[in-house]
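As structure tokens, the structure follows; a few thoughts come after it.
Whatever order the structure lists ligands and atoms in, that order sets their numbers, starting from 1.
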Amino acid sequence: RRVTISVIKADIGSIAGHHKVHPDTIAAATRVLAEAKRKGTIIDFYVTHVGDDLQLIMTHRKGVDSPEIHGLAWEAFKKAAEVAKELGLYAAGQDLLSDAFSGNVRGLGPGVAEMEFVERPSEPIVVFMADKTEPGAFNLPLYRIFADPFNTAGLVIDPRMHDGFKFEVLDVLEGKYVVLNAPEELYDLLALIGTPSRYVIKRIYRKRDNEIAAVVSVERLNLIAGRYVGKDDPVAIVRAQSGFPAVGEILEPFSFPHLVAGWMRGSHWGPLMPVSLRDAKCTRFDGPPRIVALGFQVTKGKLIGPVDLFDDPAFDEARRLAQQIADYMRRHGPFMPHRLGPEEMEYTTLPQVLEKLKNRFAEAKDYEKYIKPKIKKSELLTGEETHD
Ligand code: 13P
Ligand code: 13P
Ligand code: MG
Ligand code: MG
Ligand code: MG
Ligand code: MG
Ligand code: MG
């Protein structure tokens with residue numbers, strides 16, 4: 001029987017900065033979903049938070065992009081945002097960018113990861129939720145989970161995975177996507193997803209039968225709003241075991257706290273620190289960027305769990321390394337490569353600074369002499385003989 005998992009999230013305000021969701025706003029969203037469960041709109045749900053992002057994990061029979069489910073999520077966020085406003089929480093309603101809801105929350109600010117499948121006799125899933133980063137933060141770990149045999153032994157050992165996986169990669173600037181096959185097109189895949197601000201893994205399918213294996217929320221808030229509105233703080237759903245990577249293979253890439261874009265004012269590179277729900281709050285320099293992994297069994301549509309998968313000393317060293325990387329990166333202050341590059345800063349105050357200084361830029365007299373290229377392209381030595 002087909003079941004749909006919908007993970008829909010939004011920042012509706014935080015207590016004391018961008019640090020953490022207030023319990024009363026969680027309660028408000030929970031009341032909305034509990035009522036929907038009672039009415040039978042959804043089968044089951046789990047409401048939680050990572051940092052200042054409120055997460056709705058729901059199961060139902062209505063498929064992806066269901067207006068009813070999106071409407072429910074929208075209502076839960078609205079109710080939670082009302083409470084946030086009453087409490088005077090910081091940036092109340094932050095990710096609810098418009099009131100023009102018409103059946104789908106995509107493009108209005110919330111992040112959405114949904115997948116529909118026929119439930120297996122035992123259906124383990126992992127729900128990842130991050131704060132202070134962007135959807136491309138999942139590129140590296142998803143590559144490792146579904147394409148790197150040094151991470152995922154099952155790619156070599158399990159005949160059901162041995163053909164590999166298909167990666168649907170979205171170009172968030174052009175609004176186009178391409179499907180690339182692993183392992184045959186690994187280098188093409190890496191050429192794209194190595195630019196995580198632009199090329200984002202959206203879905204992954206098992207090649208032998210096209211079963212959905214993973215899905216990521218790819219909404220980019222600043223591209224939607226045209227201005228800085230915090231980071232997207234993405235979520236992802238991954239199916240595990242019996243022909244999919246084992247849970248341990250799915251968690252393994254997070255033992256390396258790779259650098260992701262986000263952190264303070266959404267404008268800095270920092271390590272992605274795997275944490276338990278207890279530590280899912282962003283303090284140091286509004287971070288460092290954090291990720292939580294919750295494991296569930298989906299059984300007849302019910303969510304059995306969760307288990308808090310990073311609540312484990314096995315990830316202590318990753319956390320310690322993340323802190324050392326945080327120290328090291330912070331010492332660069334406002335300098336790149338701690339601060340993001342100019343393309344990403346377009347959505348911050350940088351354009352205003354440039355505008356203000358516009359008339360104070362003088363012609364550089366020596367430019368002609370030293371910097372301007374004088375050699376015509378046809379005159380350039382190719383260097384083919386000496387430089388490989
Ligand atoms: P089990 O035999 O316990 O299912 O373990 C298999 C496995 O996938 C371990 O990684
Ligand atoms: P959020 O996207 O988590 O609200 O982050 C905003 C911010 O500016 C953190 O410094
Ligand atoms: Mg916030
Ligand atoms: Mg956030
Ligand atoms: Mg955000
Ligand atoms: Mg076993
Ligand atoms: Mg040289």
## Note on the structure
Less than 4.0 Å from some atom of ligand 2, heavy atoms are found in residues Asp11, His18, Asp52, Gln94, Asp131, Lys132, Tyr228, Gly230, Lys231, Asp233, Trp263, Met264, Arg265, Asp286
## Note on the structure
Result for side-chain contact (heavy atoms from CB on, under 4.5 Å) between Thr41 and one of Met58, His60, Lys62, Arg61 points to Lys62
### Query
Is any side-chain heavy atom of Phe244 less than 4.5 Å from a side-chain heavy atom of Arg120?
yes
### Query
Do the side-chain N and O atoms of Gln297 and Ser122 include a donor-acceptor pair separated by under 3.5 angstrom?
yes
### Task
Please check if atom CG in Asp99 has more than 12 non-hydrogen atoms from other residues, nucleotides or ligands closer than 6.0 Å.
no
#### Entry: Reference residue Phe296; test side-chain contact (heavy atoms from CB on, under 4.5 Å); the match among Val126, Ile237, Val127, Ile5
Val127
### Query
Which N, O or S atoms belonging to the protein are less than 2.8 Å from the Mg ion (ligand 5)?
Lys231 O, Asp233 OD2
### Task
State which residue, out of Ile26, Val50, Ile8, fulfils the side-chain contact (heavy atoms from CB on, under 4.5 Å) condition with Gln55.
Val50
### Message
Restricting to non-hydrogen atoms, name the atom on Tyr228 and the atom on Lys231 that form the minimum distance, rounded to 0.1 Å.
### Response
OH-N, 4.3 Å
#### Entry: Ring geometry between Phe310 and Phe128 (parallel below 30°, tilted from 30 to 60°, perpendicular above 60°)
tilted
### Task
Quick one: closest heavy-atom pair of Ala236 and Val216, and the distance?
CB-CG2, 4.1 Å
